[in-house]
S.K.: 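Right, I'll just put the structure down here and ask away after.
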Amino acid sequence: MSSEVTELLRQCAADLGLEIDDNNLGRFATFSNELKKWNRKINLTAIRNDRDIVLKHFADSLTLVGCVNKYGSLLDLGSGGGFPAIPLKIVLPKLKIVSVDAVEKKILFQRHAARLLHLSDFTALHVRGEELVKSYASHFDWIVSRAFADLAYFVSLALPLLKDEGCIIAMKGRDGKEEAVAAKKQLAEQGVEVMECIHLKLPVSGDDRYLVLMAKTGARRSG
Ligand code: SAH
């Protein structure tokens, strides 16, 4: 990553209220390089240059930082090349992350990246979300996904894996709010309510994003 793109990442993070130290900037640069390298052989992402990787993958992933605590356990369902799981893990190293994808080569890439970046408490699993309940029933404080599935399907997979007081977060584009409103009734039938629909604009591009925060109906939540 050129010093210009590194500076862009620092600036994007600052816009999101986050300070990234030099050590972590180096990790993001390494991750970007590996993503580009592996992408020549396996299809991890359509986004292929450092600037777009910073803006569309790293900054977008980091929008979650305000919604999750430093501690606790988080599942990323359908994480592909590691988004949002790996950027989150870099800036929140104490968070225990399980990152899941149904495509093995994507998980092999994530494990390779995790080794290079010295990420601990980061588990990349090649499994379908539908099968996780055998090992992770009622396990997670947060379950997140980006570009994975419609809200009702995502929730149907996430719900059995969520602690009672846990939170499900769908990262959505500009139609996120409408999708949340349209799904309200179905979500209620699933025993879930939308707690908050946070609107934000990505740094630089100004693209609209919504974070749809959901919880079990009537659950007692701490903070
Ligand atoms: N979250 C990443 C990837 C999104 S693409 C990003 O935003 O860049 C959706 C990913 O979900 C794909 O990698 C696909 O393999 C995975 N996927 C789709 N259905 C799945 C399922 N049932 N269980 C696990 N992963 C699934």
Side-chain angles (χ1 to χ4, degrees), residues 9 12 16 28 31-39 41-65 67-68 74-92 95 97-114 117 119 122-137 139-140 142-162 168-176 179 190 200 202-203 205 207-212:
L9 175 57
C12 287
L16 297 165
F28 277 107
F31 185 35
S32 189
N33 280 340
E34 292 305 309
L35 192 65
K36 286 185 297 179
K37 217 188 278 174
W38 279 56
N39 215 24
K41 300 210 175 99
I42 65 171
N43 183 24
L44 289 168
T45 171
I47 296 167
R48 286 162 195 277
N49 67 70
D50 282 327
R51 188 182 157 83
D52 283 347
I53 289 172
V54 163
L55 294 175
K56 296 180 182 163
H57 282 323
F58 294 168
D60 196 16
S61 296
L62 294 177
T63 58
L64 276 183
V65 160
C67 300
V68 301
L74 179 143
L75 170 69
D76 184 357
L77 261 182
S79 49
F83 303 105
I86 291 180
L88 263 189
K89 182 67 195 176
I90 292 174
V91 299
L92 299 175
L95 198 59
I97 295 189
V98 177
S99 174
V100 163
D101 203 281
V103 175
E104 185 171 27
K105 60 191 180 174
K106 297 185 180 182
I107 290 302
L108 293 177
F109 168 71
Q110 290 191 39
R111 287 186 189 149
H112 165 76
L117 303 175
L119 305 181
F122 178 87
T123 309
L125 292 179
H126 168 222
V127 65
R128 291 189 64 78
E130 289 81 347
E131 286 156 31
L132 280 169
V133 69
K134 291 176 212 152
S135 329
Y136 289 99
H139 184 89
F140 295 100
W142 297 279
I143 301 181
V144 305
S145 75
R146 187 182 80 153
F148 172 65
D150 62 55
L151 285 176
Y153 191 64
F154 171 40
V155 164
S156 74
L157 292 192
L159 210 48
L161 311 172
L162 190 69
I168 301 173
I169 309 176
M171 305 176 72
K172 293 285 177 182
R174 62 190 161 143
D175 299 328
E179 197 185 332
Q190 291 174 289
L200 33 93
L202 284 187
S205 67
D207 288 349
D208 290 299
R209 291 288 183 271
Y210 286 90
L211 300 175
V212 184

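Ligands are counted one by one from 1 in listed order, and the atoms in each one are counted from 1 as well. Only a predicted model underlies this, so the values are computations on that prediction, with no experimental measurement involved.
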S.K.: Is there side-chain contact between Val91 and Val65, with heavy atoms separated by less than 4.5 Å?
M.R.: yes

S.K.: Would you mind telling me if ligand 1 is within reach of the side chain of Ala102, the backbone, both or neither, using heavy atoms under 4.0 Å?
M.R.: both

S.K.: Please state which protein non-hydrogen atom is closest to atom 22 (N) of ligand 1 and give its distance, to 0.1 Å?
M.R.: Glu130 OE1, 2.9 Å

S.K.: Closer than 4.0 Å to some heavy atom of Lys106 - which atoms of ligand 1 meet that?
M.R.: 12 (C), 13 (O)

S.K.: Examine distances only and state if a side-chain atom of Ser61 and a backbone atom of His57 form a donor-acceptor pair shorter than 3.5 Å.
M.R.: yes

S.K.: Looking only at protein heavy atoms, which one is nearest to atom 15 (O) of ligand 1, and how far off is it?
M.R.: Asp101 OD1, 2.7 Å

S.K.: Do any heavy atoms of Gly81 fall under 4.0 Å from ligand 1?
M.R.: no

S.K.: Specify the protein heavy atom at minimum distance from atom 9 (C) of ligand 1: its residue, its atom name, and the distance to 0.1 Å.
M.R.: Ala147 O, 3.4 Å

S.K.: Could you tell me which atoms of ligand 1, counted from 1 in the order shown, lie closer than 4.0 angstrom to a heavy atom of Val103?
M.R.: 15 (O)

S.K.: Quick one: does Gly129 get an N or O within less than 3.5 Å of an N or O on ligand 1?
M.R.: yes

S.K.: Looking at OG1 of Thr123 and OH of Tyr136, how far apart are the two atoms once the value is rounded to the nearest 0.5 Å?
M.R.: 5.5 Å

S.K.: Would you say Phe83 and ligand 1 have an N/O pair spaced under 3.5 Å apart?
M.R.: yes

S.K.: Does any N or O in the side chain of Gln110 come within less than 3.5 Å of the main-chain N or O of Gly80, such that one atom is a donor and the other an acceptor?
M.R.: yes

S.K.: Between Val127 and ligand 1, find which residue part has any heavy-atom pair under 4.0 Å and reply side chain, backbone, both or neither.
M.R.: backbone

S.K.: Starting from atom 20 (C) of ligand 1, which protein heavy atom do you reach first, and at what distance in Å?
M.R.: Phe148 CE1, 3.5 Å

S.K.: I need the Phe109 CZ to Lys37 NZ distance, nearest 0.5 Å.
M.R.: 10.0 Å

S.K.: Quick check: His57 and ligand 1, any N/O pair under 3.5 Å apart?
M.R.: no

S.K.: At what distance is the nearest protein heavy atom to atom 11 (O) of ligand 1, and which residue and atom is it?
M.R.: Gly78 CA, 3.3 Å

S.K.: Quick check: does any side chain N or O of Asn39 sit under 3.5 Å from a backbone N or O of Leu44, one acting as donor and the other as acceptor?
M.R.: yes

S.K.: Among all protein heavy atoms in this structure, tell me which lies nearest to atom 7 (O) of ligand 1, with the distance rounded to 0.1 Å.
M.R.: Arg146 NE, 2.6 Å

S.K.: Is a salt bridge present between Lys36 and Asp50, judged by a nitrogen-to-oxygen distance below 4.0 Å?
M.R.: yes

S.K.: Please answer whether the main-chain N or O of Ala124 pairs with a side-chain N or O of Arg111 as donor and acceptor at a distance below 3.5 Å.
M.R.: yes

S.K.: Give me the ring orientation class for Phe58 and Phe31: parallel if the planes are under 30° apart, tilted from 30 to 60°, perpendicular past 60°.
M.R.: parallel

